[in-house]
A.B. asks: 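Structure provided below as structure tokens; questions to follow.
Heavy atoms only: backbone and side chains are in, while hydrogens, waters and symmetry mates are out.
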Amino acid sequence: MMITIAQTEQLQSVLDRLKPQQGPLFGIMTPQEMVEHLLFFVEISSGLHPQVQFFSDERALKNKQYLIYSENALAPGVKMPLMNGMPQELQCKDLAEANAALIQATIQFNQTAESPDYVHPALGLMSRAEWKIFHDKHFTHHFKQFGLI
């Protein structure tokens, strides 16, 4: 099953099944850390957290070709070097607040017909269409992480 962030009802249904103490099938994130991680990337794609490209242009393009312009999925256990193997500090008071913030951010992303290109730290400068593909694969990856799909 592939998640699409354009279907917020589907997202809400999946998030409703996520429990605060639920353990991951792979990785080290808690449910709230995972939701806030997804939220952070939706906000990056909306220009709220400008990023610098972590890799060279050549490597970022190769990463983008592999993930965005193929049927490839994010592999279980893949690590973003810029995260130093650790989740970000929590911003929301609890999982319910994080879920609500994620739904709101995806609604705003979906309602934006056009937007400037924004930098993904590992994939480089990305258009809105590329961000949508990334989000669909990223959400799918993390929902699988917790056995939600």
Side-chain angles (χ1 to χ4, degrees), residues 1-15 18 24 26-146 148-149:
M1 175 180 193
M2 179 72 142
I3 293 295
T4 175
I5 69 162
Q7 297 177 357
T8 51
E9 304 83 19
Q10 177 192 41
L11 293 179
Q12 187 65 65
S13 174
V14 172
L15 290 172
L18 185 62
F26 58 87
I28 60 171
M29 289 185 187
T30 67
Q32 185 175 343
E33 288 168 341
M34 179 270 288
V35 171
E36 291 196 30
H37 169 75
L38 292 174
L39 172 62
F40 184 69
F41 275 87
V42 173
E43 290 177 341
I44 289 172
S45 70
S46 299
L48 297 177
H49 304 290
Q51 298 293 299
V52 294
Q53 188 173 299
F54 189 80
F55 297 113
S56 68
D57 288 343
E58 181 180 340
R59 173 79 185 273
L61 180 59
K62 191 180 272 189
N63 291 344
K64 188 191 292 188
Q65 291 293 332
Y66 176 84
L67 186 62
I68 303 301
Y69 294 103
S70 74
E71 297 299 317
N72 295 323
L74 287 163
V78 68
K79 291 184 171 70
M80 288 284 290
L82 55 136
M83 293 181 65
N84 297 322
M86 298 301 295
Q88 299 160 217
E89 187 175 320
L90 295 175
Q91 302 298 310
C92 300
K93 69 177 181 179
D94 57 23
L95 180 59
E97 182 180 295
N99 287 349
L102 180 58
I103 292 296
Q104 186 58 42
T106 59
I107 289 170
Q108 289 174 339
F109 177 85
N110 292 329
Q111 290 176 343
T112 305
E114 293 184 31
S115 65
D117 296 349
Y118 295 109
V119 171
H120 182 288
L123 306 178
L125 193 64
M126 297 208 315
S127 68
R128 186 178 184 291
E130 291 170 330
W131 274 108
K132 175 160 180 348
I133 294 167
F134 170 77
H135 289 317
D136 291 351
K137 290 184 176 191
H138 195 212
F139 277 56
T140 298
H141 168 78
H142 284 294
F143 288 173
K144 285 180 179 179
Q145 178 184 17
F146 282 88
L148 299 170
I149 58 172

A.B. asks: Compare every heavy atom of Asp136 with every heavy atom of Ile5, then report the nearest pair and how far apart it is.
C.D. replies: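 It is N-OD1, 2.9 Å.
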A.B. asks: Under 3.5 Å, is there a donor-acceptor pair between the side chain of Gln145 and the main chain of Phe26?
C.D. replies: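 Yes; at least one donor-acceptor contact below 3.5 Å.
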A.B. asks: Looking at Glu97 and Lys93, would you say the former's side chain and the latter's main chain have a donor-acceptor pair under 3.5 Å?
C.D. replies: yes
A.B. asks: Would you indicate whether the side-chain heavy atoms of Met34 and Phe143 approach each other to under 4.5 Å?
C.D. replies: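 The answer is yes; the side chains approach within 4.5 Å.
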A.B. asks: Can you check whether Phe139 reaches Ile149 side chain to side chain, under 4.5 Å on heavy atoms?
C.D. replies: no
A.B. asks: Quick one: does Phe134's side chain get under 4.5 Å of Met126's, heavy atoms only?
C.D. replies: yes
A.B. asks: Could you check whether any side-chain N or O of Arg59 sits under 3.5 Å from a backbone N or O of Ala122, counting only pairs where one atom can act as donor and the other as acceptor?
C.D. replies: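 A pair under 3.5 Å: no.
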A.B. asks: How far does CE of Met1 sit from CG of Leu148, to the nearest 0.5 angstrom?
C.D. replies: 10.5 Å
A.B. asks: Could you go through the side-chain contact (heavy atoms from CB on, under 4.5 Å) check for Met2 and Lys137 one step at a time?
C.D. replies: CA-CA 7 Å; Met2 179 72 142; Lys137 290 184 176 191; 3.5 Å; yes
A.B. asks: Using only atom types and a distance under 3.5 Å, with no angle test, would you say the side chain of Asn72 pairs donor to acceptor with the backbone of Leu67?
C.D. replies: no
A.B. asks: Can you give me the closest heavy-atom contact between His49 and Glu43, atom names plus distance?
C.D. replies: NE2-OE1, 2.7 Å
A.B. asks: Enter the distance from Leu123:CG to Gln53:CD here, rounded to the nearest 0.5 Å.
C.D. replies: 9.0 Å
A.B. asks: Any chance the rings of Phe146 and His142 have centres within less than 6.0 Å?
C.D. replies: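 No, the ring centres sit 6.0 Å or more apart.
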A.B. asks: Of all the heavy-atom pairs spanning Leu95 and Gln32, show the shortest one and how long it is.
C.D. replies: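 Closest approach of Leu95 to Gln32, heavy atoms only: N-OE1, 3.4 Å.
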A.B. asks: Distance from Thr106 atom OG1 to Gln111 atom CD, nearest 0.5 Å?
C.D. replies: 9.5 Å
A.B. asks: Write down the atom of Val52, the atom of Val119, and the distance for their closest heavy-atom approach.
C.D. replies: C-CG1, 3.9 Å
A.B. asks: Do side-chain atoms of His141 reach the backbone of Leu74 as a donor and acceptor pair under 3.5 angstrom?
C.D. replies: yes
A.B. asks: Return yes if some donor-acceptor pair links the side-chain N/O of Glu36 with the main-chain N/O of Gln91 below 3.5 Å, else return no.
C.D. replies: yes
A.B. asks: Taking Lys62's backbone N and O only, do any of them form a donor-acceptor pair with Gln65's side chain (distance below 3.5 Å, no angle check)?
C.D. replies: no
A.B. asks: Given the rule in the side-chain contact (heavy atoms from CB on, under 4.5 Å) test, do Gln10 and Thr4 qualify, once you have shown the distances and angles that lead to the verdict?
C.D. replies: CA-CA 8 Å; Gln10 177 192 41; Thr4 175; 3.9 Å; yes
A.B. asks: Indicate the atoms forming the closest heavy-atom contact of Ala98 with Cys92, along with that distance.
C.D. replies: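 In terms of heavy atoms, the two residues are closest at CA-SG, 3.6 Å.
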A.B. asks: Can you check whether Glu9's main-chain N or O pairs, donor with acceptor, with Gln7's side chain at less than 3.5 Å?
C.D. replies: no
A.B. asks: Tell me the closest heavy-atom pair linking Ala60 and Gly124, and the distance in Å.
C.D. replies: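 In this case the closest contact between Ala60 and Gly124 is CB-N, 3.9 Å.
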A.B. asks: Atom OG1 of Thr8 and atom CD1 of Ile103: how far apart are they, to the nearest 0.5 Å?
C.D. replies: 6.0 Å
A.B. asks: Apply side-chain contact (heavy atoms from CB on, under 4.5 Å) to the pair Leu102 and Phe40, showing each step before the final yes or no.
C.D. replies: CA-CA 9 Å; Leu102 180 58; Phe40 184 69; over 6 Å; no
A.B. asks: Just verifying a value: how many Å separate Gln104 CD and Leu39 CG, rounded to the nearest 0.5 Å?
C.D. replies: 10.5 Å
A.B. asks: How long is the straight-line distance from CG of Leu125 back to OH of Tyr118, given to the nearest 0.5 Å?
C.D. replies: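 It comes to 10.5 Å.
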A.B. asks: For Val35, is there any backbone N or O sitting under 3.5 Å from a side-chain donor or acceptor partner on Asn99?
C.D. replies: no
A.B. asks: If the plane angle is over 60° it's perpendicular, under 30° parallel, otherwise tilted; pick one for Trp131 and Phe41.
C.D. replies: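 Tilted.
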A.B. asks: Given 3.5 Å as the limit, does a donor-acceptor pair link the side chain of Lys132 with the main chain of Phe109, or not?
C.D. replies: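 No; zero donor-acceptor contacts below 3.5 Å.
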A.B. asks: Working note: His135 + Ser45, criterion side-chain contact (heavy atoms from CB on, under 4.5 Å); need CA distance, chi angles, decisive distance, verdict.
C.D. replies: CA-CA 9 Å; His135 289 317; Ser45 70; 2.8 Å; yes
A.B. asks: Within a strict 4.5 Å, meaning less than it, do heavy atoms of the Gln51 and His120 side chains meet?
C.D. replies: no
